[in-house]
Amino acid sequence: MPTVAGYLRDSLVKAGAKHAFGVTGSYISGMYKTLSSKIELVGTTDELSAGYAADAYARASGFGVATVTYCVGGFNILNSIALANAEQSPVLLLSGSPGLKERQEKAILHSMIREFNCQYDVFRQVTCASTIINDPRTAAYEIDRVIQTVKAQSRPGYIELPRDLFDKIVLNGIEAGMAIVEKKTSPEILDDVGDSVRQYLRESSRPVILVGVQVARYGLAEKIMRFAEKYRIPVATTLLGKGTIDETHPLSLGVYSGVYSKEYVRSTVDESDCLLMIGVLETDINTGFYPMKVGNRNTVLVTDDEVRIKRACYNEIRLCDFVDSLSYMEDVGRVFSGTSKVVKEISYVSNTDNPDTPITVHSLMSKISESMCGGTPILSDPGDSMFATSDLVVKGKTAYFCPAFYTAMGFSVPGSLGVMLACPESRPFVVVGDGSFQMTGKEIGTLAARGLNPIIFILNNGGYLTERVPMDGKWNDIPNWNYHKFSEVMNVDGYLVQTVGDLNDAFKKIQTARKPSIVNVIIPKNDCSSAYARYLAKTNKKI
Ligand SMILES: Cc1ncc(C[n+]2csc(CCOP(=O)(O)OP(=O)(O)O)c2C)c(N)n1
Ligand SMILES: [Mg+2]
């Protein structure tokens, strides 16, 4: 039989982990040799970045792992696990902790707070399954239970392993297998819901499907698109669900985000008479900061939690069974008119060729849009980078990564590490605000050391632009860094961009660069993305 650490390592590999992100320490290092024999351990500058990298890796590949030492490392990663919980990213957090024997001896050990269970009690709140393994006889069961729940519910999990159990032999290894209680679909209720959907579609002339993040997490996009194609129903995504479907597909409307959607998307969704929302989290950012307009139209909302049809609510249906039932739905009685290519607004078109024109968010995004090829991943952070990238047309299922619900500043730079390791062929564009970059930007050192070459555009607008709008004050100013000069202290390339010409010159060199490219884009005062401008205009606000 394997050791507990060996069993854990093999279970992580079986779940899909080729890499694990983290920082070592005396409560976890004893497991590193065992883990590293089959999993590449990727050290980051701190645990928070490790968590963001593992989260992005999980979004791209279906499973991510982060490793921490007890409390001092554990509490450093907390915010990223909270993000993974909010945005349903299947990340497994593995923490070492004081040995069971040490606990009995009542020693006061370094990094401990109050009781030994303190870290576990906190992580229980932000994970879908958690355990402290305290017996080699139940170790296999507990490891399987947590990992399987993480995969089944697409949410983070927590395994804490006291350090004197690493080398203990797993006894009576029982697979959790059937112990995971998964929701079962009631065939009768599924039939009823199917009848309602069919009926709504028959009565409708302008149906729309709105796809949310859960569709990506449970891998359901293809089936939904087959259904959409069969009846030519237009499909929009929420911002959190962006990248779930190929936005170059003829039926794609792009992102629906309430008042700050592009007008064509907003009117098509808001004025549709039958809205099928699949896997959508109705968060304020997803719905454009106002609740969705329901009015008199027929709406169906299906998530991994519930099905809502008008005012009725059912819990007995699994999201994947509902989507399956759509894929073989017949008798809708008609085919709809799809989307109109003529009125579909093109994403970003450059409005100047003059090289001396000061750079703007629009001209930067036009250049990015023009340089993207099929499947280029885009990562962004909260702030104007999120608004700006929401208008890019993205393709492929690993195309867009943004913490658009939990709004964790600092996600994108370490996130690019996770995406590049999960998708080795990819070369992401990262669009990040200066404030967000200052939180975790140092992870460019890790990217550089591993020979990874993302292209990082820092929207340098002198501070927290999107916080100035609701409440202006000096607290929104941040120190100006010479971001392009990181090239003097790290193995990265740096560019200062103040004009359209500077950007074009930088792009020529970036094409073939093998190091991370750090582009310090000086945004003129009062400039912002078109999407943020739409939001400001609709809400009568000004920068
Ligand atoms: C970790 C974290 N702390 C604070 C906030 C609140 N917050 C949201 S946007 C923002 C400012 C972002 O600044 P920047 O990255 O420069 O983007 P900009 O608004 O300037 O486009 C802040 C402080 C947050 N979302 N996340
Ligand atoms: Mg800023």
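If you read the sequence from its start, that first residue is 1, and numbering goes on from there. Start at 1 and go down the list; that is how both ligands and their atoms are numbered.
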Do you know how many protein N, O or S atoms are within a distance smaller than 2.8 Å of the Mg ion (ligand 2)?
3
Charged N to carboxylate O below 4.0 Å: is that the case for D391 and K242?
no
Decide, yes or no, whether a salt bridge links R114 with D121 under the criterion of side-chain N to carboxylate O below 4.0 Å.
no
Give a yes or no answer on whether the side chain of S154 reaches the backbone of Q88 with a donor-acceptor pair at less than 3.5 Å.
yes
When the side chains of residues 408-421 are checked against the rest of the protein, which donor-acceptor pairs come out under 3.5 Å, sequence neighbours left out?
from : atom 1 : to   : atom 2 : distance (Å)
S412 : OG     : D381 : OD2    : 2.5
S416 : OG     : V413 : O      : 2.7

Correct closest heavy-atom pair for Y535 and K541 would be OH-NZ, 3.2 Å
For N85 and Q125, does a side-chain donor sit closer than 3.5 Å to a side-chain acceptor?
no
Kindly list each side-chain donor-acceptor pair under 3.5 angstrom involving residues 511-524, sequence neighbours excluded, with atom names and distances?
from : atom 1 : to   : atom 2 : distance (Å)
K515 : NZ     : N491 : OD1    : 3.3
N520 : OD1    : N460 : ND2    : 3.1
N520 : ND2    : H484 : ND1    : 3.1

Identify whether NZ of Lys or CZ of Arg in K367 sits under 6.0 Å from the centre of the six-membered ring of F507 and within 45° of that ring's axis.
yes
Could you give the N/O to N/O pairs under 3.5 Å linking ligand 1 and the protein, each with its distance?
from     : atom 1 : to   : atom 2 : distance (Å)
ligand 1 : 7 (N)  : E467 : OE2    : 3.2
ligand 1 : 15 (O) : S436 : N      : 2.9
ligand 1 : 15 (O) : S436 : OG     : 2.7
ligand 1 : 16 (O) : D434 : N      : 3.4
ligand 1 : 16 (O) : D434 : OD1    : 2.6
ligand 1 : 16 (O) : G435 : N      : 2.8
ligand 1 : 16 (O) : G463 : O      : 2.9
ligand 1 : 19 (O) : L465 : N      : 3.3
ligand 1 : 19 (O) : T466 : N      : 2.9
ligand 1 : 19 (O) : T466 : OG1    : 2.6
ligand 1 : 20 (O) : N461 : OD1    : 3.1
ligand 1 : 20 (O) : N461 : ND2    : 3.0
ligand 1 : 20 (O) : G463 : O      : 2.7
ligand 1 : 20 (O) : L465 : N      : 2.9
ligand 1 : 21 (O) : D384 : N      : 2.8
ligand 1 : 25 (N) : T407 : O      : 2.7
ligand 1 : 26 (N) : T407 : O      : 3.3
ligand 1 : 26 (N) : M409 : N      : 3.4

With no hydrogens and no angle check, do the side chains of Y256 and D270 hold a donor and an acceptor under 3.5 Å apart?
yes
